[in-house]
Amino acid sequence: MANKVTISTDITQTLTAAVEEVKHDKLFLLMDETTHKLCLPVVKDIPCLKEAIHIIIGATDTHKTLETLAKVWTELGNGGGTRHSLMVNLGGGMVTDLGGFAASTFKRGIKYINVPTTLLSMVDASVGGKTGINFNGLKNEVGVFNAPEIVILDTEFLKTLDQENILSGYAEMLKHGLISNDKNFAELLNFNLNEVDYIHLGEMVGTSVAIKERIVEEDPLEHGIRKALNLGHTAGHAFESWALSRKPYLHGYAVAWGLICELYLSCIKTGFPTDKMRQAVRFIKENYGTLPITCDDYEELYAYMTHDKKNTAGIINFTLLGNIGDIRINQTATKEEIFEMLDFFREG
Ligand code: GLY
């Protein structure tokens with residue numbers, strides 16, 4: 001898979017070099033309504049983008065649909081796109097996932113570049129080649145693995161992000177810290193999220209993405225070690241689904257709460273040190289608050305976990321840790337242990 005990640009401090013220079021590097025006939029620039037308003041002004045005067053054909057789609061996950069995908073294919077076709085065209089996806093995870101899928105399938109696949117504009121998409125969605133859309137009521141149900149040619153990370157875009165979106169992306173950084181080493185994780189716990197130092201955050205983004213890249217390089221199609229990136233996501237996806245019909249939360253909040261649960265499971269099942277779990281739980285509770293579940297919600301949450309697409313043969317699959325950086329994939333837990341984990345989440 002391609003997927004060259006470039007850390008940028010000068011978007012004009014980096015994007016110009018990237019567009020020049022990937023030979024193409026026509027250039028398309030995909031944005032959603034939010035990035036069209038907030039991020040296009042940052043790049044619109046870059047000479048190589050002057051000729052680009054703009055495609056604008058609705059913002060947020062509700063637009064990650066077959067209809068939006070069809071709109072992008074239609075505009076690529078109407079704009080004279082060929083197999084040798086190039087698409088630049090400027091946006092958060094919805095734009096890079098859907099844009100990546102549109103590019104991977106139009107004329108059997110054109111090249112694309114990701115320019116993620118949210119912290120979540122910088123450290124997770126835009127890197128690693130997972131593309132797709134929601135379908136039939138299920139998140140990311142249809143898609144392909146196909147990496148972008150280049151991913152450009154420029155923290156300039158983060159300056160227009162609100163605190164909730166910073167926190168949402170930061171949860172995936174916490175996950176990367178936990179699967180790497182004590183030093184990285186301690187740095188993340190010491191960072192002040194209430195007064196963001198963007199230069200320091202930019203450095204930590206570089207470290208975080210490098211952790212993901214190393215894992216994806218080893219196992220691009222998620223047969224083994226890439227499952228490390230699912231830490232916090234079995235419980236996290238269940239929380240996200242539970243919240244959807246009540247009060248939806250950003251993905252990273254569900255992941256942060258999922259980390260609390262799965263670190264607890266790691267303590268009781270794979271010997272993760274309790275003091276480190278307590279430190280992580282304190283940080284997450286202070287910054288993310290909690291989800292107001294009661295014991296009446298356990299059956300529903302358990303049902304979501306049993307339907308997770310990471311499972312095989314109906315067995316709930318967790319990624320746990322024996323310590324920071326000591327990854328244990330393909331773990332499972334009994335219903336009793338899962339309910340105990342939810343008790344800990346509420347009361348721990
Ligand atoms: N978001 C996890 C992965 O890319 O595998």
Side-chain angles (χ1 to χ4, degrees), residues 1-5 61 64 89 91-101 103-104 112 114 116-134 138-148 150-151 153 165 167-180 184 188 205-241 249-259 261-262 305 308-312 317-321 325 327-331:
M1 273 209 242
N3 211 11
K4 182 170 112 186
V5 179
D61 214 58
K64 199 174 173 182
N89 298 322
M94 195 282 275
V95 171
T96 58
D97 278 12
L98 185 142
F101 189 36
S104 304
Y112 71 102
N114 279 344
T117 57
T118 64
L119 185 56
L120 187 67
S121 58
M122 284 185 195
V123 297
D124 192 20
S126 69
V127 180
K130 282 187 181 176
T131 72
I133 55 165
N134 302 334
L138 297 166
K139 276 178 74 81
N140 302 324
E141 177 72 348
V142 182
V144 295
F145 282 100
N146 180 38
I150 301 174
V151 182
L153 303 181
N165 273 289
L167 278 165
S168 183
Y170 204 78
E172 296 286 358
M173 294 172 68
L174 291 172
K175 177 193 81 181
H176 290 159
L178 283 164
I179 61 174
S180 62
N184 286 341
L188 287 158
V205 165
T207 308
S208 197
V209 171
I211 294 163
K212 175 161 182 175
E213 272 187 284
R214 262 202 308 278
I215 288 175
V216 171
E217 226 165 78
E218 212 180 302
D219 176 24
L221 302 181
E222 200 171 302
H223 296 308
I225 193 61
R226 185 162 180 170
K227 292 183 189 173
L229 300 171
N230 295 335
L231 179 69
H233 283 66
T234 302
H237 282 152
F239 286 150
E240 214 172 357
S241 302
Y249 291 87
L250 293 176
H251 173 70
Y253 278 67
V255 171
W257 296 323
L259 287 174
C261 291
E262 293 177 22
M305 288 181 223
D308 196 297
K309 66 171 169 293
K310 299 188 287 299
N311 298 339
T312 21
N317 189 292
F318 287 97
T319 294
L320 301 179
L321 297 174
I327 300 155
R328 311 285 178 90
I329 60 168
N330 296 333
Q331 303 292 313

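Indexing begins at 1, ligand by ligand and atom by atom, following the structure's order. If you're wondering where the values come from, they're calculated on a predicted model, not measured in any experiment.
Judged by distance alone, with hydrogens and angles left aside, the side-chain atoms of Glu213 form no donor-acceptor pair with the main-chain N or O of Val127 at under 3.5 Å. The backbone N or O of Lys139 sits less than 3.5 Å from a side-chain atom of Lys309, completing a donor-acceptor pair.
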For a distance cut-off of 3.5 Å, show me each N or O of ligand 1 paired with any protein N or O, plus the separation.
unit_1   : atom_1 : unit_2 : atom_2 : d
ligand 1 : 1 (N)  : Asp124 : OD1    : 3.0
ligand 1 : 1 (N)  : Asp124 : OD2    : 3.2
ligand 1 : 4 (O)  : Lys212 : NZ     : 2.6
ligand 1 : 4 (O)  : Arg226 : NH2    : 2.8
ligand 1 : 5 (O)  : Lys130 : NZ     : 3.0
ligand 1 : 5 (O)  : Arg226 : NE     : 2.8
ligand 1 : 5 (O)  : Arg226 : NH2    : 3.3

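In this structure, the separation between CD1 on Ile150 and OG on Ser126 is 13.0 Å, given to the nearest 0.5 Å.
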> side chain to side chain donor-acceptor pair (under 3.5 Å) between Glu172 and His233: does it pass, once the steps are laid out?
Replying inline: CA-CA 10 Å; Glu172 296 286 358; His233 283 66; 3.0 Å; yes
>> Test side chain to side chain donor-acceptor pair (under 3.5 Å) on Asn317 and Asn311; report intermediate values, then the result.
In response: CA-CA 5 Å; Asn317 189 292; Asn311 298 339; over 6 Å; no
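Residues satisfying the side chain to side chain contact (heavy atoms under 4.5 Å, CB included) test with Glu141, not counting sequence neighbours, are Phe135, Leu138.
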